Amino acid sequence: MIVAEHLTKRYGGKTAVADLSFAVRPGVVTGFLGPNGAGKSTTMRMLVGLDEPTSGSITVDGQCYWDLPDPLRHVGVLVDAKAVHPGRSAYHHLLAIAQTHRIPAARVGEVLEMVGLSSVARKRAGGFSLGMGQRLGIAAALLGDPRVLVLDEPVNGLDPDGVLWIRRMLSDLAASGRTVFLSSHLMSELSLIADDLVVIGQGRLLASGSVSDVVSSVAPSTVRVVTPDAADLAAALQGADVTVTSPDRETLDVQGRSAREIGEFAGARGFTLHELTTRRISLEEAFMQITRNAVEYGTSQEVAR
Ligand code: ADP
């Protein structure tokens, strides 16, 4: 379990994270979503002890990172996949980490196998593609067989096969009771991988919950109705809990009633229908809606990045 409470980080006059509170539960994959500059890396850096909060706290299983008796065995971290000595082989990179953390050397072979790098284990990491580098970073995060995994933009640079691979791996790790927390600025990536979402913008919490709850919180589904009797049907449907808009003379967009309810309502009153379709906004549209204000009022630098 990861818990942030009123977490705030200021760099001089710049507030990177502002009064952020959320919880990440074990057993599911949680995506940490926000546009570039939203404060995701800063939050993750504070989570893994690379930076200190200005105020508030972020804890892992009730403890600050540096108070954990054996942090690497408790929390596996991928923050910067490029932080590898280019002349070192994948095997020696991992072995060096294992040796400094009292992890048996045999574990190195296991994690190389898990991430599919066994066949290139003796090759120089400097010659690795971006995707292979990500896999190596994930292997390092898994070395201590941690209960909690924190991955900053792990899907960055992976090809579609790599995305499938990471999805399978993270859901297996979550299914075994681990806490899995990964960041991305792309809703499309996270919607494939995550069960839950924490969405931030300009350092503030914008939404959290299951992916579908987050999406429906911003946009209830709309039913598109095409009928020659649009005006009469709209008048009949109108009510306190129903919103009807009419993009053209024969078309209605109805919120607050399901397609089935509208079909039965229209049938019982003799209205002719030419089309009746439920429309849900895409995950990407939902993300844009949630973060729109946060981006609009951001600095031009943040918007441009
Ligand atoms: P994200 O990971 O969501 O892209 P970051 O956490 O990297 O966002 O950055 C959040 C904001 O804090 C950005 O405006 C960034 O420029 C600023 N920031 C991050 N680290 C520093 C730092 N060390 N000094 C000053 N500003 C920083």
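Below, each value reflects all heavy atoms present in this structure, side chains not excepted, and no hydrogens, waters or symmetry copies. If you're wondering where the values come from, they're calculated on a predicted model, not measured in any experiment.
A side-chain donor-acceptor contact under 3.5 Å links Ser176 and Arg178. At a cut-off of 3.5 Å, with distance as the only test, a side-chain donor of Gln255 or Thr222 sits close to an acceptor on the other residue.
In terms of heavy-atom proximity, Leu47 sits nearest to Thr59 at CD1-O, 4.5 Å. Counting all heavy atoms, side chain and backbone alike, Gly31 lies closest to Ala194 at N-CB, 3.6 Å.
The list of ring pair (Phe, Tyr, Trp, His ring centres under 6.0 Å) pairs with a residue in residues 235-280, not counting sequence neighbours, is empty. Applying the ring pair (Phe, Tyr, Trp, His ring centres under 6.0 Å) test to pairs two or more places apart or on separate chains, none has a residue in residues 110-141.
Applying the 4.5 Å side-chain rule to ILVMFWY residues, one finds Val3 in the same cluster as Met1. Taking Ile, Leu, Val, Met, Phe, Trp and Tyr as hydrophobic and joining them when side-chain heavy atoms fall under 4.5 Å apart, one finds Tyr11 isolated, its cluster having no other members.
Judged as a salt bridge (Lys or Arg N to Asp or Glu O under 4.0 Å), and not counting sequence neighbours, the contacts of Arg224 are Asp253. The ring-ring contact (aromatic ring centres under 6.0 Å, His included) search around Phe181 returns Phe22, Phe32, not counting sequence neighbours.
Screening Ile166, Leu190, Thr30 for a side-chain contact (heavy atoms from CB on, under 4.5 Å) involving Leu182 leaves a single residue, Leu190.
Side chain of Asp70 to main chain of Arg73: no donor-acceptor pair is present (N/O by atom type, distance under 3.5 Å, no hydrogens or angles).
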